[in-house]
Every structure is written in structure tokens, then in C-alpha cells.
Amino acid sequence: MTTGNAHQFSGPLYYGGDYNPEQWDESVWFEDVALMREAGVNLVTLGVFSWANIEIADGVYEFGWLDRIIELLHANGIGIDLATATASPPAWLLKNHPEMASVTQEGIRLAHGGRQNYCISSPVYKAKSTALAAKLAERYGSHPAIKAWHVNNEYGCHNPMCFCDISAVAWREWLQIKYGTLHSLNFAWGTHFWSQRYHDWSEINPPRQTPMGTSPNPTMMLDFHRFGNHQILELYKSERDAIRASGAKQPITTNFMSMKHFRYLNYFEWAKEVDFVSTDHYLISADPLSHVEMAFEADITRGFAEGKPWLLMEHSTSAVNWQDVNYAKTDGQLFRNSIGHIARGSNGAMFFQWRASISGSEKFHSALVPHAGTNTRNWRTVVELGNKVKRLEAVSGEATKPAKIAVVFDYDSWWALSQRNLPSTDIDYPDLVHEWYAALYDLGARVDFITTGFTREKLEQYELVLLPMTYLLNDADESALIEYAKNGGSLVTSYFTGISDENDHVKLGGYGGRLVRDAYGVFVEEFAPQSPDAQLTLDNGLVASHWQQWATSKDAESVIRFTEGPAEGFVAMAKKWIGRKPSWYLGTRLSPESNVAFFGTVLRELGIETAGGSGVEIIQRGDLTFVIDHNQNTVDWS
Amino acid sequence: MTTGNAHQFSGPLYYGGDYNPEQWDESVWFEDVALMREAGVNLVTLGVFSWANIEIADGVYEFGWLDRIIELLHANGIGIDLATATASPPAWLLKNHPEMASVTQEGIRLAHGGRQNYCISSPVYKAKSTALAAKLAERYGSHPAIKAWHVNNEYGCHNPMCFCDISAVAWREWLQIKYGTLHSLNFAWGTHFWSQRYHDWSEINPPRQTPMGTSPNPTMMLDFHRFGNHQILELYKSERDAIRASGAKQPITTNFMSMKHFRYLNYFEWAKEVDFVSTDHYLISADPLSHVEMAFEADITRGFAEGKPWLLMEHSTSAVNWQDVNYAKTDGQLFRNSIGHIARGSNGAMFFQWRASISGSEKFHSALVPHAGTNTRNWRTVVELGNKVKRLEAVSGEATKPAKIAVVFDYDSWWALSQRNLPSTDIDYPDLVHEWYAALYDLGARVDFITTGFTREKLEQYELVLLPMTYLLNDADESALIEYAKNGGSLVTSYFTGISDENDHVKLGGYGGRLVRDAYGVFVEEFAPQSPDAQLTLDNGLVASHWQQWATSKDAESVIRFTEGPAEGFVAMAKKWIGRKPSWYLGTRLSPESNVAFFGTVLRELGIETAGGSGVEIIQRGDLTFVIDHNQNTVDWS
Amino acid sequence: MTTGNAHQFSGPLYYGGDYNPEQWDESVWFEDVALMREAGVNLVTLGVFSWANIEIADGVYEFGWLDRIIELLHANGIGIDLATATASPPAWLLKNHPEMASVTQEGIRLAHGGRQNYCISSPVYKAKSTALAAKLAERYGSHPAIKAWHVNNEYGCHNPMCFCDISAVAWREWLQIKYGTLHSLNFAWGTHFWSQRYHDWSEINPPRQTPMGTSPNPTMMLDFHRFGNHQILELYKSERDAIRASGAKQPITTNFMSMKHFRYLNYFEWAKEVDFVSTDHYLISADPLSHVEMAFEADITRGFAEGKPWLLMEHSTSAVNWQDVNYAKTDGQLFRNSIGHIARGSNGAMFFQWRASISGSEKFHSALVPHAGTNTRNWRTVVELGNKVKRLEAVSGEATKPAKIAVVFDYDSWWALSQRNLPSTDIDYPDLVHEWYAALYDLGARVDFITTGFTREKLEQYELVLLPMTYLLNDADESALIEYAKNGGSLVTSYFTGISDENDHVKLGGYGGRLVRDAYGVFVEEFAPQSPDAQLTLDNGLVASHWQQWATSKDAESVIRFTEGPAEGFVAMAKKWIGRKPSWYLGTRLSPESNVAFFGTVLRELGIETAGGSGVEIIQRGDLTFVIDHNQNTVDWS
């Protein structure tokens, strides 16, 4: 049972973070709530890692401490986002059920001692986590302090796939449901090659490690990504439904991880199952474009939420502890980060974690209350940010305005392209999508993210639809795109888009299928990937790298050609009026500067308005206009 | 039973490739044969990966589709190189016999899902693969379309060694046969050191992973290479003998992998067991000297075949799919590649594969019929090449003329040098051999490759014999070399040659044994390996790197010394008239340019004729003279 | 039972090395002893790897060969350091007890074939190794040739930790003894976070591999280092006690490995259990400062021995065989190495090994008798060195004079800092300690190494105590340091010192605890680690990198600030008169040149005398003054 994603935020913006009071003597709790009030904290996420402290043996519960902290928070007017405490199973559970531990592709059974160690297909884990969620919902579901339910935590962060024998059984069941017959599976996977044909379902195993220099069948691996996503979503749904069944009425969510390199969960699907979208975001602080990456992730989260408000469930007040060099945030950076998320639709700014741990793996992760105490830059910033967030209350619950440009983001393509045996190991799906986004960011253009499975009507909400390396395109999506373009829409389509169908079967007769070959009229007969170091100039002066192809155009309005490299003289870019407006085909990977030049032309030709740019974000939400200036290191609103 | 390598090619040169029709609807087959005729294809390799489609359960066969495609090919005049279909065991076989799957050195049992997953010592695999070969031979042995038998495929590509318990049993049996007594084994392996002495055969296991920072005993590992080569050869012989036993008369081969970095099989031994030598060759296209590497591999294949014609069973029409960047072939490169092989003795030009797959791991590997169809550069080139091959029919069956220079290539040395605990991790056997070859190639000198175990008579077919890092030299070979030099032969011997005997026992009294110490009179008392970055100049102006040694000469006619580095003033090169003609000792690793200078002098002094060079290959085969010009990117013949 | 480290050396300095005669025909032994006499060898270590040659089956011994070589050596006046032969268990033992083999963190059970393959908690290994030691002691304990007992060899070199199920049992027992209650363990490890709380001892396992992107609990891992050290020390003590119980009177030792990157054994603890300290040292010859590293290791070994003489049990006459490029020693380097060790307290110069092996993993490791024989530079150098050592007999048994400077070296800190999840992956404990040492070496300042657990009285033997990244500091040590400084001592304390207590719990209220915050008055509120490439200038012109912090000083006499980077304007260095003399706090990582400048100032201000420097070592031992000049490549004494 789901409430159908019906939740709308009301009241103030949320400010607070993960609160793990079980790390501290209860005497500290009183200081905690006093400081929370000082900082304006109005919501804490409680109990994320508390399983071993709540259920101390199979079916034996200790709720006393949890009762007490909930009452204390409530008495101080601090709301609670109550976790189901199932993020990390306790040692006793893994000891009783050693088969519950996750197994790597190489066959290594993983151990307790870190976190999140469970097989995502484990019936024991599912039953025990669901039971705990139910228990908590029954006990606290009617408590007025509880504002939301926080199911589990960062699903799939450490255990997105499991290769054990229990997983094998679940995998076969999933495949039987998907394919019905072995004949269909053998066709989809292309098992008639390499003697891979299956004659009985029991012959199929997870894509475990294959001999040196070989890889598992690519469609099998694509399906294994889909299966992993499905299994984890089932775990979420089981907990969620148990909460609902208990009668609890608060909205239910689970925190996504909208970060550039986390590919395992298709959050467009997940978003349909939560009452509101929430996500965690951590800067990769060595990245000089980390502010652009942050904007990207906020925008794609807005995309998951279909434009409705969402919640930044975790970010950091300063340094994290898991990067090579964990840079502290400086110079108003925290204000720009937190308010930047709010501007892009977050209904608050939440952090990991309230008080810095003194022990354990995350003790050097920054917090709202740092090790050095409250006479610190860190704490003063936290208090100041709390005040700022309070002043932004006007935007609470406000949705953001749809953009004129849609970027198609497709997890299936990412999963297919995260494998070996492609034309080049430099084919990097997130890199290209982020490069295009960075160019639009630099131009001050806002975008919405949408995913495949769109209708023509959906596309027609936009003046421009971008297809950066949408490698897999099924017939329906291909048709919708062509119809959209024929009826007045504009497309920008990259190389290596539309190469295969949903089974990763290459479309024949010219790469890119009906879209590229027929609609654009560009005949791509062969790929010519190049070294990342090869700089390739086009005859309009733009600069590219990584990719060329033997492509010709039969009727494009305008064609740009390579002036060097093996595909010299062949089509690098083509502009074609498929319908009443131009569409562009981009057969190479432009440099950052050339992307800006190219997309600048596109926006001008289509007359799409921009605001800000060149390091200045100007964003409207509700009645407020936010100005985040990365050149001056300021953030303001009016 | 073997026919004793008696086969001589007759008829036209072969043109065609692997044909995997089971990937396609039968309707496509009719287009296939029509296109084959258009391209001049006269031979296809059928059934390489068909096991799962032929034997669909243990002992249950489906021959219908195979009957039909054989008839169709025959009806269109296309010959068949029929594979025994044993390259990749089907899933049902691995499920019934999980112990048949290969196990890595770390103990990981590998999974179905890639290809070639079987333990090379598995009795089950041997029995089942032999039975399938027999079955196919019985059914098709008398069919007029069958021109040759293609046993298995690229043996050892992914599973050259197995470390499982079944392998352990076979390994012990092999050792018992080799050594007879444990005493002999303990002596050979030097087990009196490190407390490794064995007191019972059952104590011996494969060289599995040893504690951090240690490696298995090096002679054990050397023997394990020999054992692996032996086990795989036995698999081949078992299939081959079953084909012969069925009464089939066609020549039998298996396709080698003559590539720079594949070291596991001693193809000089294998060549004695095939009716004609066939091999696969794929360019490492990022290598700027890939055309030289290709010539090397063609020449060493000619060496395996002892100068008789052989067959290039696989190469690619354009890009492959397993390198970092898979470059397309450009600019007549395919013509130079294919015809270059023919010039060096191949009796045709065969490819992987006929029609590009639409799914599976190799879908982005180029083919004769590309994804984009026949209105493509790729297809037009294939048709044109077919015509060129047809025009070369005159050389079919013609052997190549022996060269004046022999290069000793020794798999045992390679196996010994592919381990740790050597004076330097930069000791790279194939690198040095290829560097010497590249210099001779640049000078236009032709070479034959021979292997150890030679007689003095064999050596005396040559004016010059090269010993690039022939680390292991047994007594007989050492004697033959010395006698050869004393009786008018010339040698070029590198550093780190003749260091150890066949058990990898270091020869005492001056490195290089009787050859270097006594015949050359060069006393090498200690090695002084250098960083690859250290450039070392010699007093004749040549430039070296990587290697110095404290070497002195007692009676060389001419000595070149290091002018820098720790061995400054010591012998870097020495020229000695061991007999009536000069021999050279080269105690360092020359730069490419210095190698050309050095070998140029050698050739001039010995008066060995050259042809072409500096990027132009001029090669005689039969009545034709081929000119392959890598500067002009042309190939021609007259 | 132990003799309480009472041994004092007497007689001549030792000269010789490991002797593994079982590798050779007995006929060679006669040449061996003749050459030993020629070279002045007076001690050989016999039997290190002889287990498989002594105990040829369980309880079946072959002593004949050992009897004969002992008599032969004795007859030639050559003393014996008799090994207990337990360094590497024989194959039969591992076959009979497969559970005795070590298991990696990933769960791979390691194989025989290298050396030192045993689980350090194996009761079988302990019983069998102890029995063998006893057997040898009984047989040879009263033999006049035996000068010392050499227990095992390089403990922990390849198997410092084991993760098997037998280890798990021992680990739990060790934890129960250490913590008494699970409550204490849960507190120490901080298991209330991440749901790691244990409810039963049986739930605890070794810190095996955890899910991707997670690590085991850091205090658990710290304890696992302590446990490993303890288990191996127990193995040593068991052998040692068996020797004593047999009535043997000779001193007992085991050879440490004092090398920069070997962190697993706390040799300060071990030194209390040996009759004299012995160690092995091998140059990392690619390190341009290898002579400084050698001096460091000799000095720290002197620290283990508390200033008493010790013995360099192994070094190499020339190249080793396990580095990337194994450089030969040149140009008097061997003399400087061997005599440098003697100058710093070694009672001789011993080598691995006497005669170069002809087979096995170490055949390319240099030796006293090289492969090329005695007409070699190597042998002549060995003979010459033997003469030099004989001439140094006057220092035999002499202790070295205590230094004025103590460097605190703390294995617990190293173990805590060798993990993930720290502020930066560039926190490198040995690097910083060696950098400080190198500056003092360059200045000609001598240092003693001491470890934590000191008393104030111990500290007061020194005018200056250095704390380079002493990350863990317990209350007692912290108090002793503060009292020392208040009462006239000087400290130099680095960033990231005193961060945590012995459980790796962060001290709150300003990083560095009472020492930094209260005694120095430096308030460190937040770390700001920087990229290794960031060069950071201070306002006194010194140059730093890697580390900044938001630090302020309330009452320092002198403060140096960062002039760039995010912590610009904050305290980089502070000088404070905690008591009557200045102490320094160093809040960043200085460049080598800046370290020399900084410590030069410190020495001048404190008036600490130096001798030599700038590549020239001037060292006093007994009545001799050694001058080792690395600029002129000479060594001399007077």
C-alpha cells in the first residue's frame, strides 16, 4: 500500500540532521536539545543505525532509551524523522543467519564490522527488517513528535548486488516472471553465441566472475542491474507497507543518493513509491566543478520528484571522511550549498550528523556540533544558517517552475554502458551528461531531467529535449522522439544514442536507428573512437576529442565536418529541420568550451531565455529569486 | 594418431571467416551465402561456439540446423572449416559437473557467462569434448563441403592454468612421470631451501597463492607452465585422434594465437601435432609499431610451420572490441594487413567474423558484413580484398624461402622470466625479442624463428643466430651453439642469456655459462640493473638503458664500454671471433635507434643481404614479390 | 622463563651470515669453511629454513647432516647462531593440518610454496614449533660451537595477521582478557554507532572484508594489530622458554625487521623478551635517502635495545631480489653500510646469506660468495670488510652514549593511522617521523628513540622530546609530557598529535587534548588537510604542504601564520615557554629544507651540540669516533 506520492510539505523548512544519541551518555542529551533550539533545529532523523540497540536479540526489544529521547525531543519542540533502524543488521542476526551476508562477484562472503551487510534477496533480512519497521510504527505511529518515516538508509550504497546462492534463486524467479519462457530469455541475451544457451532455468546463475579476459553476457548483466534495483525496491516497499499497515499516517520516505557516480538504483522508479523524495548529497571536493555537480544533483532530484518539493536529507557542514583529501568547507560555501539546494526545491537542509562521533568510522566526518565544541567557526555557521533557513520559510511547500529544456537521463543506458566490450573504455555515460549540463549551467539555462518511457505529450512540455548518449532506446521512445521533432520539437542528440533496443540488440542499417538514420538523415556506418588525448578540430572551429565516426548526411540543412583524424571530412555535427524547428546531431564529444559555444547557439536559435550563468545562479522558487554567485562567493534572495 | 603434419595446401587461397549462423533466423542465411559469393568467400569456419546448440542435453543432439547450413554452403560452392564446437562448454554441462569449472590461483571457482570456462585437466571436459568431436566427424567426415577440421578455438586464451583439486591430481601424475622420484623433483626445484622439501607426492599442490610478499617456488612455476601447455595439448590431441578414428580424411588444425603477450602455449610443440598451422592475429592498434608486431607474428608462425604455408584463421576487418580504444582500420590498412600475412606464408586471409553480432560480448567487433549493411566502406573493402586475394592464387601452397638469420625463441625462458624475484621487474622477454626484430625489420633483413632443442646442423642452415635473453640454456643447446660458432657461425647473444639450465639452476663461475664465459671470454661477475629512465651511453656513442653488469673480457677482438653509470668502464659489448667469423655479445639493452645501428653493422660485416627496410617490406613468396610500403600506405606485388 | 635481557656481548665483533648448507653437496662444505676462514667469518646462522630437512615426518628426525656441519664449523673455529628452524613449516605439516595455513582478510586460504605460511594463532603450529626448538636445544644446547639461539626468522614478515576461524577463537579469548565485559568492549570500540553492538562474545569475528566502501571498526582494527603482535610474541616466547627449559645457556634472540614500512610488531615490547636485540636491514635502494633511512633504523634498533649493543643479523653484500630494480651496491657502499651499523651499536655485521643459491626464490639475492665465485669484486670486498670488522674489535660490547634528544615512536599510533576514514589519505606516520629524523641527521644531531608508556623521569633524561604525529596519547603519557615541559623540558609537537586516547576516542574541546589546548594554549578547532601538491608558505618564509588547521593561540610567545590557503592567517607554528624552556607546536608538514631550518633553530635555542651533518656522520662508540662521509663515499674511524 502506498499513499501514491501524495504528500505536500507544509509548515517551516526543515533544519537539522541525523541524530545518533545512543553514542552518548543520556546526560549529553540535555545539552543536545538546548543546542538544537539555539540553532533552530526543527527536525532530526532518529535511529538510522539503532537496530542493535533496539532489538538486542531475536525478538527481544529495548525501547526505553528510544522512548526517553523521543519524549525529550518532543518536549523541546523538535520534530522527528523516525528511521526504521534497518540500515545495518546487528551482529547477532548475521551470526544466526550467516547466509544473510552479502557475497561478491568473486564469491567472497562479506563480514560484519562495517555497515549494510546483507544480501538484498535474503528472505531473513526482509522478514526481520519488515518486522522491526512494523514494531516501531506500532509503538510510535501515533506520537505527535513523529513528522515522517525514514525507511532504512542509503539503500544500495555498499551492497547493490549480491552473487550468493540465495540471490541465484531470486534471480531465476525474477527472470521467469520477466521472460516467461527460456526461449525469450535466450533471444534477449543472445545466448546462441558463445555457447551460452540455457536449456533449463536452473542453469542460470548470477553473473559471477568469468575466466580471465572474458565478461558475463552484457544483457545478462544489464538485467542483473535491473534485478538488483528491483530487489532493493521490494525491501523498501515491504518496510513501507508495514508502516502503513500499522495505521501510521505520517509521510514515508527513504533517502536517495543523488551523486554523480552512484548508478545502481533507478530513482525515477523509486520516486513513485515514496510520499516525498529525499536525498543525500556530498560534494566531491577535489572537483573544481563541484558546485555544478551539486546543481545537477539537485535538479535531477527535482526530476525524480516531478517538480514537487523534496528534502535534502543529508549533506555536510564541512569535511567528510571518505575522500582522498577531505577538504573543509570555507568562505560561505556551506550557505551556498544549503541554500542552493533549497532554491532548487529542497524543503529544508538536513545534515549528517548532529554531533561529531568520538569513535568509529565516521568520527572525522563533520557535524553540526564539532569535536571542538561551540566556540567554533563551525557552530557559529550552523547557527547562522539556521537563521537563514528560517527566513526562507516563504518557499516551504512551493514547487519549482518547469524548465523549457528536458534532459533525458536513462539508468538502463548507464547500466549497459558501465560494462566492457564497448568501442572504447572512455565511453562514460555520467561524464557526457554532466558535461552537457555544465555548458547549460554556464549559459544560465535551466533544465528538467526526465527519463525514458516518456510519451510524446510529455516531451511536448519542452521546447528542447536533449539525448546525451541515450544508448538504449526502445521502439516506443524512438517513435515518441521522432513524432515530437516532426511536430515542432527540437532535439539535441549525441553520438552513441539509440544504438540498441531494450535488450541491447544493435539496430541495423546505420547506427542510431530510425531516429538518427531516418529522422536526422545521418548515416553512421562505423565508429572511430579516438584516444582521450587526441584533439580533433571541426570546420566551424569547435574542438572535440574521444570520438569520430564515418557518418554522412543526406539532407541536413547544415553540416560540420572533422578537419583532422581518420574521419576527416565526415560529419561531426548536423542541423536538420525534422519538423518546423531545427534539431542537432552531435557526432563527437566537444570540449567544455565548445559545448558552451554549441549550446549557446542552440539556445539563441530557439530563443530560450536564460538567467545568470558564468558562475552566477539565478533561480526562482515561489516568490523568491535566489542569486548564488560563485565568483563572489555569496548567496542572496529577494 | 596424427598425419604427421603432412598437409600441403592446394587450390586457391582461402578467403572467409568464422560463421556463426545460429545467431540469426534461417532467412538471413540466404542473404549470407549470396553476399559470400559476391565477396569471393570460399571458406567459412562453422560451429566454433555451437556446443549448446548441437548437444542440448547430455547425449541429446540437434543436428538439423547444422545439416541445413552445411548443405546451403555446399550448394553455393563455399567450403567449410568445421569446428568441433568444443570451445565453450554449455551451461548444462557445468551445472551437471560444477567441478569442471576453472579455479584461479586465489581459489575462486569461475562461472559460466563468459566463454571457455573449463579446467584444463578435467576428465569430464576431455571425455565430453572428445565425444562431440567424434560425433561431428562421424556425421560430416565424408561430406564434400568439409575442407578442414578446426579443433576447439584459441586454446588457453582464458583458462591457461587451473588450480583446482582435480588439477592437483593431474599435476602430481605429470610430475611423477617427469621426475620419477621425489628426490629428483626436490633437486630440480631446489626445495632444500625455504623448507619446501617434499616427502610424499601427495604434499604437492598447484602453485596457489602464497603469503603476502612471497611467490611460489620458481621452478615449480616453470613446471606448472609446462604442465599447462601439456594438458591443453592433450585435450587437442584427444579431439584430433577422435576425428581421425572416425575415418575423416580432411586436414586437422587448431587456431593458435600468435600475439606478443600470449605466452602460455609452446606453439613450436603444438605445430608438430597439426596438419597445418593456423593462427589468429589481432593488432594492438595503440602500438605505433603494430605493423612490425604483425610481421613478427607472421614470421614466428612461419617458424612454427617450419617454413611451410600456414593459414591466418582470424584477423579483423576493422576495430576489435577488447582494447582500451578500439581503433578502426583506415587507409588501406586492411589490405596491407591481410596481404602482408599472405606474403609471409599464409594461405589465405580469414576473419572473425562473417556478420557482426547484434548482441553478446562481441557485438562491437568488426566483421565482413557490418551492422550498417553493405552500402559501407567496410563491405566495399571486403569485396575488393576478396578480388585481390583471388589474384594472388599463384602463391597458394608455396613455401617461403628460408632466411639467413635465425632468432631463437624459447617459451621456457619466457615462462621463467615471467615471474618475480629477478634482478629487475623490467626484464621483459617479449620486449627484447621484439626490439631486436624491429631493428632487423627496419634494416630489411628477413629472419626465421627457431626454438631451443636445436642441433648444430639446424643452426648451420643460418649465417647468423640471435639469442635475445635466452635465459635458460641446457647443456646440449649450449654445446650446439658453441660448436656452431667455432665452425664458422656467427652469434649475437644478449645479456641474461644462458643464465640457468633447464631447471632454472644458475650456472656458476661467471654468468652465461660456457657460452659467455668460455666461448666469448666475457666474465660477467655481477648484474647492475638500472631504472628504465636511466639513459646509458656507450663509448661508441650507442645509447642503452635498463641494464649494466660488471663484465670484463679476456680476449675479445673489440670491446665497447659504458661511459656512465655504476658499471662505467666495464664491457657493454664485445666482438669475438669464436671461430672463423665474428660473434657479438650485447651486455645491455640498446635503444631502438642504437639497435638499428648495431645490427646494421652486424649485417654489413657478415655481408647478409637485405631488401626494403625503413618501413617498406619487400618479400618474396613463390614467384611473387610483395612490396608493402608503410610510408605510402600501399601494398603491391609483381 | 627469560634471562631478563641480561646478555652483554663479549669477544670479537661478529662477522658472517645465514648459512644454508642443505642446499649443497657436502663436498661444497669444505670449501665453505675454508672461505669463511679467509674472510674472517666467526659466526654463521644455521638452520633457518631447515625444518623440512630435520623433521622429515611428524616426529621423525634426521640430524645427521646437522651434526656433521656443526662439527665441521666447530673444527674450523666458526661459531654458530643456531636457528630453531621453525620459520617455514614443511609441506607434510600443512598437509596433515590444512587448517594451519593462513587465511587472508578476503578469506583466501594460502598455500605452501612460498614461505612462512602458518596461522599465527594455530595451536598445532605452536606445539610443533615449540617441540622442534626443544629438540634442537636438547641436542645441541651444550655444544661449544653454539654461541646463540636464533628463534624462528623475521616473525610476521608474510603472515602478520590471520583471519581464519581458529584465529577467531583466539581473538575472542584475547578480547575477553583485555576487556572483561562486553560492555567495556562495546564502549571502547564505539559499537553503539552503525549497529555494531555485540551482545555475545561469539558474535565477534576477525575484521574480515566488509562491504564495498566500508571498513571494519577502527578500534577493532587497532586491537587486531595489538592482538597480532601479541600472538606472534607468544609464539616466540614459547620457543624461547622451551630452549631455556632444556638447560641451554646461550643467549636467545630473534631477528627483527627494522625497516621503514614494516609496522606489524611492536619491537619495544619484543626487546624485553630477548637476550639481545638483533635485526635485519635492507636498503630500499631506489630511495635517494637510503643512507638516512639506514641510520634511522640503526638508531631505532638501539632504542629497542635501550642503548645496549645489538646485532645486525642480516643485511646484503650487494643487490637484493625483491625490489623493482635491484641495484648493486657500489663504491664502498657496503663498507659504509656495515660499519655504519656497528658505529650505531651493532656488535657485528651479518648477512643473508653465505653462498648465493643456485635455485629457488632468492637465487638472485647477493651473498658473501657470489655465483661468479671468488675472483670477483664481491668476494674481495667481503674479505676486506672482514678485515675492517676485525680491526674494530675494540668497540665490541660497548654501549652507545645516550643522546640529548628523544623521538617518541608509537606503534599504536601507527596502527591507528594505517587505516581509512582519516582526514586525509596522505597522513603517513612513518613519512613524518622519517622527515623529522632526516632534518636532524642533516644537522648532525643524534637522537634516541623511545616509545609511549614513558615516565616523567624517563623524559627528563633528555633536553628535547619530539612528538611527530603521536596520534594516540593516553592520560598518563599526556600528563608526563606536560609535567616534563613544565619542569624544564622542551617539546616539539606536530599536528595530529594527541588527538585520541588509547581507544581511539577523540579528545573533545580542541584537538590535541590537554597537551595542545592547555599546555601549549593552542586551540585547534578544525582540520583543513590539503592536497600534497599544494605548497603553503608561512610568514617566516618556511614552506609546508599537506596540512592546515583552524588554530589560534591564546598566549604563545611567538606565532607563525599561514600566508595562503584556506587557513591563511591562522597559526601554523607556535613557540611557548610551558616551563622554563621553549616548546614548539608545528601545525603543518614542512618541506625537507624547512624542517632543517626549523630544527636548526630549535637546536640553537636549546644549545644542543651537533657533530657532522650535511651528509657526514660523526659517531662515537666506546673509544672510537667513526666518520662516515656520504659526500666522499668514505668511512673511517680513529
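What you see is a predicted model; the values in this text were computed from it and never measured. Letters A, B, ... are given to chains in the order of the sequence lines, protein chains preceding strands, and every chain is numbered from 1.
Between Phe49(B) and Phe193(A), the ring planes lie perpendicular to each other; the angle is over 60°, past the 30° to 60° tilted range.
Residue Asn378(B) touches chain A through both its backbone and its side chain, counting heavy-atom pairs closer than 4.5 Å. The part of Gln116(B) that comes within reach of chain A is its backbone (N, CA, C, O), which places non-hydrogen atoms under 4.5 angstrom from that chain. For chain B, the nearby parts of Gln209(A) are the backbone and the side chain; heavy atoms of each come within less than 4.5 Å. Interface residue Ile499(A): only side-chain heavy atoms are found under 4.5 Å from chain B. Interface remark: Glu106(B) contributes no atoms to any contact with chain A (heavy atom separation under 4.5 Å). Using a 4.5 Å cut-off between heavy atoms, Gln105(A) makes no contact with chain B at all. For Gln353(B), the part sitting under 4.5 Å from any heavy atom of chain A is the side chain, from C-beta outward, and nothing else. Heavy atoms closer than 4.5 Å to chain B are found nowhere in Pro207(A), neither backbone nor side chain. For Ser202(A), the parts lying under 4.5 angstrom from a heavy atom of chain B are both the backbone and the side chain.
Looking only at heavy-atom pairs under 4.5 Å with chain A, the residue among Ile108(B), Ile54(B), Val325(B) that has the most is Val325(B). For the set Lys507(A), His546(A), His505(A), Gln419(A), the entry with the most heavy-atom pairs within less than 4.5 Å of chain B is His505(A). The most heavy-atom pairs under 4.5 Å with chain B, out of Gly213(A), Gly509(A), Gly190(A), come from Gly509(A). Top candidate by heavy-atom pairs under 4.5 Å with chain A, chosen from Asn159(B), Thr374(B), Asn117(B), Val320(B), is Asn117(B). The greatest number of non-hydrogen atom pairs below 4.5 Å with chain B, out of Gly107(A), Pro216(A), Pro423(A), is found for Pro423(A). Heavy-atom pairs under 4.5 Å with chain A peak, among Ala356(B), Ala91(B), Pro89(B), at Ala91(B). Counting heavy-atom pairs closer than 4.5 Å to chain B, the top-ranked of the candidates Thr210(A), Thr214(A), Asn421(A), Thr425(A) is Asn421(A). Of all the listed residues (Ser215(A), Pro566(A), Ala528(A)), the one sharing the greatest number of non-hydrogen pairs under 4.5 Å with chain B is Ser215(A). Options Pro206(A), Ala567(A), Ser531(A) differ in how many heavy-atom pairs under 4.5 Å they form with chain B, and the most are formed by Ser531(A).
Remark: Glu99(A) CD is packed, more than 12 non-hydrogen atoms of other residues, nucleotides or ligands lying under 6.0 Å away.
Counting heavy atoms from C-beta outward, Arg197(A) and Ile56(B) have side chains that approach closer than 4.5 Å.
In plain terms, the two heavy atoms of Trp322(B) and Arg420(A) that are nearest each other are O-NH2, 3.6 Å. Smallest separation of non-hydrogen atoms from Pro529(A) and Tyr327(B): O-CD2, 3.6 Å. Closest approach of His158(B) to Met212(A), counting heavy atoms only: ND1-O, 2.9 Å. In plain terms, the two heavy atoms of Gln196(A) and Gly113(B) that are nearest each other are NE2-O, 2.9 Å. Smallest separation of non-hydrogen atoms from Thr376(B) and Phe523(A): CG2-CZ, 4.1 Å. Shown here for Ile358(B) and Leu508(A), the closest heavy-atom pair between the two residues is CG2-CD2, 3.6 Å.
Taken to the nearest 0.5 Å, the OG1 atom of Thr191(A) stands 10.5 Å off from the CD atom of Glu22(B). If you take CG on Asn53(B) and NE2 on His199(A), they are separated by 6.5 Å, rounding to the nearest 0.5 Å. The distance from the CD atom of Glu568(A) to the OG1 atom of Thr330(B) is 11.5 Å, given to the nearest 0.5 Å. The CH2 atom of Trp550(A) lies 6.0 Å from the OG atom of Ser318(B); values are rounded to the nearest 0.5 Å.
In this structure, the side chain of Ser88(B) does not engage the main chain of Ser195(A) through any donor-acceptor pair within 3.5 Å. Without hydrogens or angle criteria, Glu203(A) side chain to Lys95(B) main chain gives no donor-acceptor distance under 3.5 Å.
Between the side chains of Asn205(A) and His112(B), no donor-acceptor pair is found at a separation under 3.5 Å.
Using a 4.5 Å cut-off between non-hydrogen atoms, the part of residues 359-372 of chain B that approaches chain A consists of Ser359(B), Gly360(B), Ser361(B), Glu362(B), Lys363(B), Phe364(B), His371(B), Ala372(B).
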